[in-house]
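Quick note: numbers below take in every heavy atom, side chains included, and nothing from hydrogens, waters or symmetry partners. Quick note: residue numbers are just sequence positions, from 1.
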Amino acid sequence: MAYMVEYTSTFLQRANSRGYISDCTNPGRLDALAADTSITGYIGFDATADSLHVGSLVPIMLLRLLQQTGHKPIVLVGGGTTKVGDPSGKDESRKLLTDKDIQSNIDNIKGIFERFLSFGDNPTDAILVNNANWLDNLQYIPFLRDVGRHFSVNRMLGLDSVKLRLERKQPLSFLEFNYMIMQAYDFVELARNHNCQLQMGGSDQWGNIVGGIELGRRIEGKELFGLTTHLITTASGSKMGKTAEGAVWLNKERLPPYEYWQFWRNTEDTDVGRFMRLFTEIPDSEIAKYEKLEGADINEAKSLLATEATALCHGRAAAIAASESARRTFAEGGIGDDLPCISLKREELIEGLPAFVLFTRAGLAKSNSEARRLIKSGGAKLNDEKINEELAQITATDVDQDGVIKLSAGKKRHALLLAK
C-alpha cells in the first residue's frame with residue numbers, strides 16, 4: 001500500500017508509486033526540501049558476510065532511485081557496527097568477526113553497490129563510507145558524556161528491537177544494547193561531514209533512525225529526516241529471499257546468475273506486479289498490463305521479471321544467457337507452476353549417482369522406491385530423454401554447458417539440478 005501523501009518531489013513521488021515507503025518523518029518538509037534542492041541520503045549495511053542477499057535489494061534500489069532523481073546517495077558500510085551487531089529482528093547475538101574478516105567482507109560487497117550506483121566526484125555521484133573511521137577511535141568516557149546522556153534507557157527498552165528480544169526471554173548483551181546509540185551517532189557524523197539529511201532503512205530500523213534524528217537536533221541543531229521501507233514478504237507470508245537452499249546471494253560467486261534468474265522466475269503469481277515495481281525499472285504502465293494476465297500467460301511476466309532483475313544485478317548479457325538457457329531447458333513440456341532448483345556438487349557426479357536418488361532429492365518423488373517405480377513405468381526423463389534403466393546413473397556427462405541437469409516426472413513436473 002502506498003503511503004497516502006501527495007508528494008511534489010520526483011524522488012518521493014516515484015518511491016511512493018513503486019511501493020517503497022512504509023513511514024517517513026515530517027514527510028511534507030522532506031518533500032519540499034527534495035523538490036527544491038539536491039539532498040544527500042544514506043543507508044547502512046553491516047559487513048556480516050562476503051555478499052549481500054536479496055533482502056538488501058530494497059534499500060539498494062531506493063538508493064538507486066535517490067540518485068536517478070537528482071540526489072546524492074551514501075553507502076555506509078558498518079566496519080564499526082559489524083563488531084557490535086544489530087539486535088533488530090534477531091533472537092540471538094551475532095557471531096563476532098575479526099577485523100580481518102570484516103574488511104574482507106567489505107571488499108567483497110563493494111562491487112555489488114557499483115552495479116546499481118554511479119560512484120565518482122560529481123555532485124550526485126555515490127560515495128562509500130566506513131563507520132569504523134570514527135567509531136574505532138571513540139573514547140569511552142567522552143562518548144558516554146557527549147552522546148550517551150541524550151538517550152533514555154526507559155525509551156530504549158520500549159523499542160521493538162529490544163522489547164521483542166526480552167519478551168522472548170532471549171539474552172541481549174550490553175554490547176548489542178549500544179548498537180542503536182552507535183547508529184544514531186553515524187547519522188550525526190554523516191550530517192557533519194557530508195551534509196547528509198536523510199537516513200533510510202527497513203521498517204525495523206524506525207526506532208534507530210528516530211534516535212539519530214533526535215541526536216542530530218540536540219548535538220548539532222540540524223534538521224534531519226528518516227524514511228523506512230516495508231519489510232518484504234511473499235504473498236504466502238514467507239520471508240523474502242529465503243529458499244530451501246538458503247539465502248539468495250547477490251554475488252555470482254555465491255549464487256550463479258542462472259540460479260538467481262530462476263529465483264525470480266519462481267515468484268508467486270500475486271507477487272509479480274509488486275516485485276516488478278520494487279526490483280526492476282519496468283514502467284508502471286507496462287506493469288499494469290502484466291498484472292492483468294492470468295493462468296499460464298503470467299509466465300511471460302515472470303520471465304520478464306527474472307530477466308530485468310538479473311540484468312540489474314549481473315548485467316544484461318548474463319540475464320539474457322540465463323533466460324535463453326531456461327528456454328532451451330524447457331523447450332519441451334513447458335514450465336510448470338513450481339520449478340525447484342536443487343544444487344549439488346560436481347564431485348558427487350564423478351562416480352555417478354542413481355537417478356532415483358536425485359529424483360527424490362529434487363522432490364519429484366516422495367521416496368527412493370517411488371522414484372524407482374516412476375522410472376520403471378517410463379514416466380521419468382533426464383534432459384528430455386526417457387530413462388529406461390531403473391538403476392540408471394547420472395554423471396558429469398549429463399550436465400549441459402550451463403551446469404544444469406533437467407529432471408522431469410511426467411509432462412508437467414520438472415526440476416533443475418545445478419552442478420557447482
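Under the 4.5 Å side-chain criterion, counting only non-hydrogen atoms from C-beta, Leu278 is not in contact with Met61. Within the 4.5 Å cutoff, side-chain heavy atoms of Leu353 are placed close to those of Arg361. Side-chain contact between Leu382 and Leu407 is present, with heavy atoms from C-beta onward closer than 4.5 Å. Between Val75 and Val129, the closest side-chain pair of non-hydrogen atoms is not below 4.5 Å. Using a 4.5 Å heavy-atom cutoff, the side chains of Ile43 and Pro59 are in contact. Side-chain contact check for Asp269 versus Lys302: some heavy-atom pair is nearer than 4.5 Å. In this structure the side chain of Val84 reaches within 4.5 angstrom of the side chain of Met182, judged on heavy atoms. Side chains of Arg115 and Cys313 form a contact here, defined as non-hydrogen atoms less than 4.5 Å apart.
We find the CG-CD distance between Asn208 and Gln183 to be 4.0 Å, quoted to the nearest 0.5 Å. Distance check: Tyr42 OH to Leu76 CG gives 6.0 Å after rounding to the nearest 0.5 Å. Note: Phe279 CZ to Arg274 CZ = 8.0 Å, rounded to the nearest 0.5 Å. Remark: Asp204 CG to Leu231 CG distance equals 4.5 Å, nearest 0.5 Å. With values rounded to the nearest 0.5 angstrom, Ile106 atom CD1 is found 5.0 Å from Gln103 atom CD. Atom CD1 of Ile102 sits about 13.5 Å away from atom CG of Asp50, to the nearest 0.5 Å.
Under 4.0 Å is where a charged nitrogen must lie from a carboxylate oxygen, and between Arg192 and Glu189 at least one such pair does.
The backbone N or O of Ser303 sits nowhere less than 3.5 Å from a side-chain atom of Arg265 that would complete a donor-acceptor pair. Without hydrogens or angle criteria, Glu348 side chain to Lys345 main chain gives a donor-acceptor distance under 3.5 Å. The backbone N or O of Met276 lies less than 3.5 Å from a partner atom in the side chain of Thr280, making a donor-acceptor pair. Side chain of Thr82 to main chain of Ala47: a donor-acceptor pair is present (N/O by atom type, distance under 3.5 Å, no hydrogens or angles). At distances below 3.5 Å, not a single donor-acceptor pair connects side-chain atoms of Asn122 with backbone N or O atoms of Thr124. A side-chain donor-acceptor contact under 3.5 Å links Ser17 to the backbone of Arg14. Put simply, the side chain of Arg316 never gets that close to the backbone of Ala311: no donor and acceptor are under 3.5 Å apart. Judged by distance alone, with hydrogens and angles left aside, the side-chain atoms of Asn383 form a donor-acceptor pair with the main-chain N or O of Asp398 at under 3.5 Å. Remark: the backbone N or O of Ile320 is not paired with any side-chain donor or acceptor of Glu324 at under 3.5 angstrom. A donor-acceptor pair is defined here as one N or O able to donate and one able to accept, closer than 3.5 Å; no such pair exists between the side chain of Lys72 and the backbone of Ser38.
Smallest separation of non-hydrogen atoms from Tyr290 and Ala301: CD2-CB, 3.6 Å. The minimum heavy-atom distance linking Pro73 with Leu117 is given by the pair CG-CD2, 4.4 Å. The shortest heavy-atom contact between Arg254 and Ala49 is NH2-CB, 4.3 Å. When all heavy atoms of Ala35 and Ser9 are compared, the pair lying nearest together is N-CB, 3.6 Å. Taking both residues in full, the closest heavy atoms of Leu224 and Thr25 are given as O-OG1, 4.5 Å, listed atom of the first, atom of the second, then distance. When every heavy atom of Leu62 is checked against every heavy atom of Ala15, the shortest pair comes out as CD1-CB, 4.1 Å.
A donor-acceptor pair shorter than 3.5 Å can be found between the side chains of Thr234 and Glu268. Using modelled atom types, one finds a donor on one side chain and an acceptor on the other under 3.5 Å when comparing Asp31 with Thr8. In this model, no donor atom of one side chain and acceptor atom of the other lie less than 3.5 Å apart for Thr40 and Asn195. For the residue pair Asn131/Asp186, the side-chain donor-acceptor check at 3.5 Å is satisfied. A donor-acceptor contact under 3.5 angstrom links the side chains of Thr307 and Trp261, judged on distance only. For the 3.5 Å distance criterion, the side chains of Asp101 and Thr98 qualify, holding a donor opposite an acceptor. A donor atom on one side chain and an acceptor atom on the other are found under 3.5 Å apart for Gln68 and Glu281. Donor-acceptor pairing under 3.5 Å is lacking for the side chains of Tyr7 and Gln13. The closest side-chain donor-acceptor pair between Tyr258 and Gln262 falls under 3.5 angstrom.
No more than 12 heavy-atom neighbours from other residues, nucleotides or ligands sit within 6.0 angstrom of CD on Glu300. With a 6.0 Å radius and a threshold of 12 heavy atoms from other residues, nucleotides or ligands, Gln139 has its CD atom at or below the threshold.
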Any chance you could lay out the side chain to side chain donor-acceptor pair (under 3.5 Å) test for Thr228 and Asp23, step after step, and finish with the verdict? CA-CA 5 Å; Thr228 58; Asp23 214 337; 5.5 Å; no
Residue pair Arg277, Glu291: steps toward the salt bridge (charged side-chain N to carboxylate O under 4.0 Å, His left out) verdict: CA-CA 11 Å; Arg277 289 186 176 88; Glu291 286 178 315; 2.8 Å; yes
Assess whether salt bridge (charged side-chain N to carboxylate O under 4.0 Å, His left out) is satisfied between Lys381 and Asp384, documenting all intermediate values. CA-CA 5 Å; Lys381 288 185 177 181; Asp384 296 320; 5.9 Å; no
Walk me through whether Asn105 and Thr48 qualify under side-chain contact (heavy atoms from CB on, under 4.5 Å). CA-CA 7 Å; Asn105 288 343; Thr48 56; 5.7 Å; no
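Each of Asn108, Ile112, Asp107 was checked for a side-chain contact (heavy atoms from CB on, under 4.5 Å) with Lys110, and the lone residue meeting it is Asp107.
For Tyr185 and Phe143, the distance between ring centers is under 6.0 angstrom. Note: Tyr260 and His314 meet the aromatic proximity criterion, with ring centroids under 6.0 Å apart.
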Side-chain donor-acceptor pairs of residues 210-218 under 3.5 Å, sequence neighbours excluded:
from, atom 1, to, atom 2, distance (Å)
Glu214, OE1, Arg217, NH2, 2.8
Arg218, NH1, His150, O, 2.9

